[in-house]
Amino acid sequence: MTSIIFQVIGSFSYPIPNYIINSEIFRKKPLSSVALYEYKKDSKIIYLAPESLVALVAEDIREAKDMLSDEAKLKEKFKDELKEFFKSSKNESIDFEVEVIPSIGVYFSDKGYSLVFEGGIDNVIASIMLNNLERLAHCEEVIIDVSVGQNIYNAATLEAMRTLQVYYNLKEITKDESKAPSFKIATCPPPPKESESNIPILLFPYNVKTFFEFPYKKNDFYPQCLIEKYSEIKKEISQKFGSYNKQFNTLLDIAKLAFNSIKYNAPLAFLQLIEFSEDENIILKNLMKIYNYIESKKEIYLNDNKIFIKRLEINRLDLGNYLLTIALYSSLKEFKENINKEKTNFEIISEYFPKLYKSKKIGLGLNARLLDRDLKEIKDLIESAKKKQISLEKEISLKDLIQRLDSHRGGEAEKKGKNIKVSDIKRNFFAHSGLERTLTYVKVNEKDKIELFYSLDRKSEILSWIKNPDD
């Protein structure tokens, strides 16, 4: 489908006015989202229904508690109520779903009981974020209609959608043309309860800037990171999901190495030394298992004509930033997978990386300039070697090649390289696009193509520099 329309609802009955979108009138529509649905043609509506709406549909406190304990039943009840509302307004052919979201605060039923939801806004944001992660992958446009519903839930929806927008932008950050969905906000004034009115719906771009920065700032990520407090529950989560620790942190380490190899201009390391060994889709599924387990620890109990609903507080910032790291990992992995494997590393570095660096999304144009200088120096060395009839059929380090050329030039090459201090090899590595002369080996293959590579016995050392470039 082309568009997904999100709208928080706060009731199952609203005035039924006419709505106007870009001069087009949509008559007798029960909600602004329905007008948007018809305006966009190929679209679907997702109604975000806070749990507290149970107070509008349950006959008594016992039924309310029963529904709150069974989300599937609650969701079905909410959907039936909306269907009845749409039927009464002759708007039955609407493709919509209901997504139940956590509530915050105290609510009162006209049946004489109240509901007390203990938890924070981060639980609402995390719920919307995780439950729509896959859904948004299959649309071109996301519209967040903030015309109805409590402000706190609309704010949570916008924050969740902000993270999802960055997530999909990061997944596309290495590509020339992005397939990430565009985001818009829809709003309109509240319709009067009486008299037929024409209500204008306004659409605004909701653009969140996405930078090429590493999202997750901590050194590790564990299942128990997903909740803020509750040491005993943290221990329980650690024991139950500890088998995921390795994959979570392996992905984190690989993503950091891949990101740093691009940011700090070490393309040969990216190509030869970094292996994207983790399946990000499996990791996302495992994250959902942990989140659903945390949700299952929700407590619901009656006390003094009140229903108390208590949730574990989610660490939404760590969750969101780890999700963004998964998106970045996925993008860098796909970039590497799409490289033409028939080309040599020298060709790949020359063709793919300057283009990547210069893209507006990456914004590392200086890297391209420095890389061009270092590749040109290598090409000049190769040409000089050919002229001097120095064999390059077998691999040779750049340092040794310079020394062999030097023996033919009376020390000229040595003078050219004498200021490079071997004692500060890490500095030289980053100063020369990762093509430091004692580490980088070169040869010319049977097709007269330049090949570059590192000796694998230096792999751990090189990766340690890339992981901690500032140390």
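Heavy atoms of other residues, nucleotides or ligands lying less than 6.0 angstrom from NZ of K341 number more than 12. At most 12 heavy atoms of other shown residues, nucleotides or ligands fall within 6.0 angstrom of atom CD in E393. Within 6.0 Å of CD in E337 there are more than 12 heavy atoms belonging to other residues, nucleotides or ligands. For E134, the CD atom is loosely surrounded, since the number of other residues' heavy atoms within 6.0 Å does not exceed 12. More than 12 heavy atoms of other residues, nucleotides or ligands sit less than 6.0 Å from atom CG of N340. With a 6.0 Å radius and a threshold of 12 heavy atoms from other residues, nucleotides or ligands, E461 has its CD atom above the threshold. More than 12 heavy atoms of other residues, nucleotides or ligands shown are found within 6.0 angstrom of NZ on K217. More than 12 heavy-atom neighbours from other residues, nucleotides or ligands sit within 6.0 angstrom of CZ on R373.
Ion pair K175/E172 flagged as a salt bridge, since at least one NZ, NE, NH1 or NH2 atom sits closer than 4.0 Å to an Asp/Glu carboxylate oxygen. Under the 4.0 Å criterion applied to side-chain N and carboxylate O atoms, E140 and K179 are not assigned as salt-bridge partners. Taking 4.0 Å as the cut-off between side-chain N and carboxylate O, K386 and D448 count as a salt-bridged pair. Ion pairing between E159 and R316 holds under the 4.0 Å rule for side-chain N and carboxylate O. With respect to the salt-bridge test (charged N to carboxylate O, under 4.0 angstrom), the residues E295 and R311 qualify. The pair K399-E436 fails the salt-bridge criterion, with no side-chain N (NZ, NE, NH1 or NH2) lying under 4.0 Å from an Asp/Glu carboxylate O. Using a 4.0 Å cut-off between a side-chain N of Lys or Arg and a carboxylate O of Asp or Glu, D380 and K376 qualify as a salt bridge. Between E377 and R437 no salt bridge is recorded (no basic side-chain N to carboxylate O distance below 4.0 Å).
Checked against the 6.0 Å centroid criterion, the rings of Y329 and Y322 do not qualify as a close aromatic pair. Checked against a 6.0 Å centroid threshold, the rings of Y454 and Y441 do not count as neighbours. Aromatic ring centroids of Y19 and Y39 lie 6.0 Å or more apart. In this structure, F259 has its ring center closer than 6.0 angstrom to the ring center of F212.
In this structure, K29 fails the cation-pi test against Y37, since its NZ or CZ atom is not both closer than 6.0 Å to the six-membered ring centre and inside 45 degrees of the ring normal. A cation-pi arrangement is absent between K184 and F204, since the terminal nitrogen or guanidinium carbon is not both under 6.0 Å from the aromatic centre and inside a 45° cone about the axis.
Side chain of S103 to backbone of E51: a donor-acceptor contact under 3.5 angstrom is found. Side chain of Y293 to main chain of K297: no donor-acceptor pair is present (N/O by atom type, distance under 3.5 Å, no hydrogens or angles).
Side-chain atoms of N445 and E451 form a donor-acceptor pair, as typed in the model, at a separation below 3.5 Å. Side chain to side chain, S33 and Y47 meet the donor-acceptor criterion of an N or O pair below 3.5 Å.
Atom CG of L252 is separated from atom CG of N219 by 8.0 Å, given to the nearest 0.5 angstrom. With rounding to the nearest 0.5 Å, the separation of CD1 in I21 from CG in L203 is 6.5 Å. In this structure, Q165 CD and L158 CG are separated by 11.0 Å, a value rounded to the nearest 0.5 Å. To the nearest 0.5 angstrom, L202 atom CG is 11.0 Å from S32 atom OG. Going from atom OG1 of T174 over to atom CG of L332 covers 6.5 Å, rounded to the nearest 0.5 Å. Rounding to the nearest 0.5 angstrom, the gap separating the CZ atom in F214 from the CG atom in N260 is 7.5 Å.
For K263, the salt bridge (Lys or Arg N to Asp or Glu O under 4.0 Å) partners two or more places apart in sequence, or in a different chain, are E213. The salt bridge (Lys or Arg N to Asp or Glu O under 4.0 Å) check on E347 picks up K449, with sequence neighbours excluded. Partners of I25 by side chain to side chain contact (heavy atoms under 4.5 Å, CB included), not counting sequence neighbours, listed by chain and number: N18, I20, R27. Remark: E97 engages K44, R135 in a salt bridge (Lys or Arg N to Asp or Glu O under 4.0 Å) (not counting sequence neighbours). The salt bridge (Lys or Arg N to Asp or Glu O under 4.0 Å) check on K447 picks up nothing, with sequence neighbours excluded.
Among pairs with a residue in residues 348-357, those fulfilling side-chain hydrogen bond (donor to acceptor under 3.5 Å, both in side chains) read D176-K355, N265-Y357, K343-E351, at least two apart in sequence or across chains.
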- Message: For Y222 and F241: C-alpha separation, side-chain torsions, deciding distance, then whether ring pair (Phe, Tyr, Trp, His ring centres under 6.0 Å) applies.
- Response: CA-CA 9 Å; Y222 298 107; F241 298 103; over 10 Å; no
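The aromatic rings of F335 and F270 lie tilted to each other, with the angle between the two planes from 30° to 60°.
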